[in-house]
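The sequence lines fix the lettering, A, B, ..., with proteins before strands; numbering per chain opens at 1.
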Amino acid sequence: MDAPHLLAGLNDEQRAAVSAPLAPTLVLAGAGSGKTRVLTHRVAWLVQVEHVSPHGILAVTFTNKAAGEMRGRIESMLGVPSAPLWIGTFHGIAHRLLRLHWRETNLPQAFQIIDSDDQLRAIRKIIKSLELDESRWVPKEVMWFINARKDEGLRAKDLKDEGDPNRRQFIKLYELYQEQCDRSGSVDFAELLLRAYELLRDRPDVLSHYRNRFRHVLVDEFQDTNTIQYDWLKLLVGPTGVPFAVGDDDQSIYRWRGAKVENLQQYRRDFPGVQLFRLEQNYRSTGNILEAANALISNNTGRLGKNLWTSGERGEPVRLYAAFNERDEADFVVNRVRDWTLKGGRRSDCAILYRSNAQSRTFEEALLAARIPYRVYGGLRFFERAEIKDALAYLRLIFNRVDDASFERIVNLPARGIGTKTLDTVRNYARANACSMWQAAGACISELGNRLGQSLHGFLVLIEQLDQQTRNLPLHEQVDHVINATGLVAYYKQDKGDRGEAKVENLEELVTAARGFEPDEAAQMPALANFLSHAVLESGEDQADEWEDGVQMMTLHSAKGLEFPIVFMCGMEDGLFPSQRSITDVGGLEEERRLCYVGTTRAMKQLFMSYAEQRRLHGTDTYGTPSRFIKEIPPEFIEEIRPRIQVSRPVYVPRSSGSGRMEEERPGGIRLGQRVRHQKFGEGVVFNVEGDGSNAHIQINFERHGMKTLVLGYANLEPV
DNA sequence: TCAGTATGGGTTTTT
DNA sequence: CCCATACTGA
């Protein structure tokens with residue numbers, strides 16, 4: 001009954017978790033402790049030892065990458081195709097459920113998924129149609145509001161305005177947006193989850209079917225679940241299911257988009273007698289790096305508690321570099337990369353991590369100048385490119401005429417003489433008759449002038465024709481025909497420079513993608529619909545040039561789950577990391593600290609941290625202080641490179657005189673990084689100074705009141 | 001209708 | 001400073 005090969009090579013805790021009895025389980029898995037291993041071995045264990053049918057197992061992850069990795073590993077372990085197993089992202093699984101049960105959820109069969117870009121457009125359109133001021137009703141904020149409510153499982157009708165007219169308006173916009181989506185058959189990301197939840201909640205027949213089927217539900221990165229995901233899981237598992245959750249509260253870095261670490265605790269409450277396992281042995285980092293990470297994260301409150309250890313060597317200390325400015329910082333990194341490659345290391349062993357994407361620029365320039373290949377992660381992905389979305393919009397409209405967003409996107413692209421005036425007419429008609437743009441367009445032709453009517457008619461005919469012509473073609477020929485017959489390819493060919501060329505190439509790449517596309521058999525839908533959904537759900541991270549050996553650059557967020565022999569954590573300055581906005585609230589600061597922890601634990605052999613005294617940010621020079629996180633790491637784990645002679649430089653550097661007179665101190669001794677006291681705001685740190693004399697504007701980061709800009713002459717500051 | 005200029009705003013990201 | 005969008009003039 002045992003399967004030694006499944007437990008071989010695992011440590012005691014891992015083995016215990018993998019072979020745990022069939023009861024609710026929680027595995028607290030620290031960074032680099034072999035969490036994916038446990039998850040995949042557990043699935044194999046269920047199948048081979050417990051003789052659970054793969055048909056009865058559901059494994060959920062957050063990213064397609066994680067899902068793919070898991071699928072691959074399980075397949076090779078079981079030695080059979082893993083098709084009967086449901087492995088996927090929350091969104092992917094939800095989508096599959098909705099495809100199978102579109103009737104029960106009141107969706108049209110042709111429903112389409114929209115990405116956040118489409119969602120924002122739709123919301124903006126609604127705000128405009130109500131003639132609201134976009135600066136007062138910021139589309140992004142509205143979107144955020146709607147998504148946050150959906151993540152909590154709330155519909156517009158569930159919300160009360162509480163006498164707040166502001167809130168009332170938001171709720172109204174939510175309602176209108178949802179009506180619009182329902183009319184056009186669009187489902188946004190949050191809606192996928194919410195509908196899937198409502199499906200189980202409201203349809204006992206469906207619920208019991210899936211409860212019977214999926215007795216075993218495994219969840220990765222449990223700390224990242226939001227309310228609706230958790231409720232959905234709980235519903236699905238019910239009283240009889242066997243959940244197996246893996247997570248790490250210290251790596252929860254998505255609170256800002258609705259993730260609830262508390263779900264880890266909630267899980268233990270909802271499933272009394274949860275078997276708890278802790279994986280604390282780290283197989284990734286050296287002792288020094290690990291100790292530094294442990295010390296850092298111990299500053300957070302309310303942790304579930306866990307201390308990583310390693311049996312490996314101490315390794316080298318964390319190296320700290322104080323750069324003069326961001327250029328110097330980049331040069332430092334480039335030189336360290338060079339050291340590594342000269343010793344025979346691969347460039348891809350090095351990762352440059354930063355807090356915000358904008359920081360990548362300086363590094364790119366420096367690497368470019370040094371002729372070191374690199375790769376930046378997390379830019380615009382394939383299916384998010386404008387030209388691709390244009391092509392997809394045609395396909396979507398062909399598939400589903402009531403898709404207004406797609407209609408508006410391509411009705412005049414390439415230009416065919418359908419301008420604002422024509423569209424206004426159509427829009428008004430559509431609104432007045434509560435019908436789709438497509439229908440409205442048909443009805444408006446006669447009342448438009450000869451020429452305008454003709455153009456519009458031409459468009460309608462084009463779409464109809466494309467539908468007729470491509471209906472029975474294989475998917476890739478369908479795509480190929482559409483991009484050519486609509487004139488899209490010709491249109492982008494005109495674009496000047498290699499920009500246009502690249503776009504045409506991308507369109508051709510789309511045809512290739514369509515050719516290689518394998519439909520999801522289980523979802524039971526036409527290949528085109530399947531392809532369109534796939535494009536939105538898996539916008540395509542894998543780039544073509546993956547094979548070139550290049551330095552890896554990415555944000556700290558996107559580094560989660562990865563590991564590199566050499567890691568550079570850059571821009572370690574208060575205000576940047578931790579970010580300015582997070583500093584004012586405690587929860588925010590703790591999340592930043594976890595982010596720092598995640599970054600630190602990515603490093604296997606060497607970890608470099610750097611900060612710049614002076615940094616050009618949004619066009620102006622700012623003077624930062626080292627990140628508070630650096631001070632939270634005990635000095636014995638850190639080695640400063642190029643010991644600093646002077647820690648804080650005087651604020652006042654005469655520019656105009658250009659003389660050799662250096663660094664005069666301001667009266668009152670105001671220096672950057674200096675602690676000062678203000679009568680009203682209390683204590684703070686001088687963050688930046690612009691101008692000079694008593695007219696100088698001085699920016700101070702107050703402990704209680706956050707960042708304030710004051711005029712030096714009036715501020716009455718007292719050095720502390 | 002389009003190109004060229006003014007304006008504003010600027011964590012983090014997956015799906 | 002760099003980008004994305006809105007507005008203006010031919």
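Every residue meeting the side-chain hydrogen bond (donor to acceptor under 3.5 Å, both in side chains) condition with A:Asp182, not counting sequence neighbours, appears here in chain and number order: A:Gln178, A:Arg195. Residues that satisfy the salt bridge (charged side-chain N to carboxylate O under 4.0 Å, His left out) test with A:Arg155, not counting sequence neighbours, are A:Glu191, A:Glu198. Partners of A:Asp118 according to the salt bridge (charged side-chain N to carboxylate O under 4.0 Å, His left out) rule, which considers only residues two or more places apart in sequence or in another chain, are A:Lys389, A:Arg396. Residues satisfying the salt bridge (charged side-chain N to carboxylate O under 4.0 Å, His left out) criterion with A:Arg628, sequence neighbours excluded, are A:Asp574. Applying the side-chain hydrogen bond (donor to acceptor under 3.5 Å, both in side chains) rule to A:Tyr254 yields no partners; only residues at least two apart in sequence or on another chain are considered. With sequence neighbours excluded, the residues that form a salt bridge (charged side-chain N to carboxylate O under 4.0 Å, His left out) with A:Asp250 are A:Arg303, A:Lys306. By the side-chain hydrogen bond (donor to acceptor under 3.5 Å, both in side chains) test, A:Glu262 is found to be paired with no residue, residues two or more places apart in sequence or in another chain being considered.
The CZ atom of A:Phe383 sits 16 Å away from the C1' atom of B:dT14 (whole-angstrom rounding). Following rounding to the nearest Å, A:Lys560 (NZ) and B:dT15 (C1') show an atom-to-atom distance of 14 Å. A:Leu576 has its CG atom 11 Å from the P atom of B:dT12, to the nearest Å. Computed from coordinates, the A:Gln119 CD to B:dT14 P distance equals 16 Å when rounded to whole Å. In this structure, A:Leu617 atom CG and C:dC1 atom P are separated by 13 Å, rounded to whole Å. Computed from coordinates, the A:Leu353 CG to B:dT12 C1' distance equals 13 Å when rounded to whole Å. Per the geometry, CD belonging to A:Gln112 stands 18 Å off P belonging to B:dT15, to the nearest Å. As rounded to whole Å, 19 Å separates atom P of B:dT13 from atom CD of A:Glu538.
Side-chain proximity of A:Asn412 to the nucleotides B:dT15, B:dT13, B:dT1 is greatest for B:dT1.
Listed for the A:Glu387 side chain is no donor-acceptor partner under 3.5 Å among the backbone atoms of A:Asn506.
Regarding contacts with the backbone of B:dT15, every side-chain N or O of A:Arg257 stays at 4.0 angstrom or more from both OP1 and OP2. Contact check, A:Ser116 against B:dT15: no side-chain N or O comes under 4.0 Å of OP1 or OP2.
Classified by its glycosidic torsion, B:dT11 falls in the syn category, the angle being within 90° of 0.
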*asked:* Return a single string for nucleotides 2-10 of chain C, one symbol per nucleotide in 5' to 3' order, where B is base contact, S is sugar-phosphate-only contact and - is none, cutoff 4.0 angstrom on heavy atoms.
replied: -S-------
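Annotation: the span from A:Thr89 atom OG1 to A:Phe62 atom CZ amounts to 9.5 Å, rounded to 0.5 Å.
Annotation: C:dT5 and B:dT12 have their P atoms spaced 16 Å apart (nearest Å).
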Between the protein and nucleotides 7-11 of chain B, which nitrogen or oxygen pairs come in under 3.5 angstrom?
from	atom 1	to	atom 2	distance (Å)
B:dG10	N3	A:His618	ND1	3.4

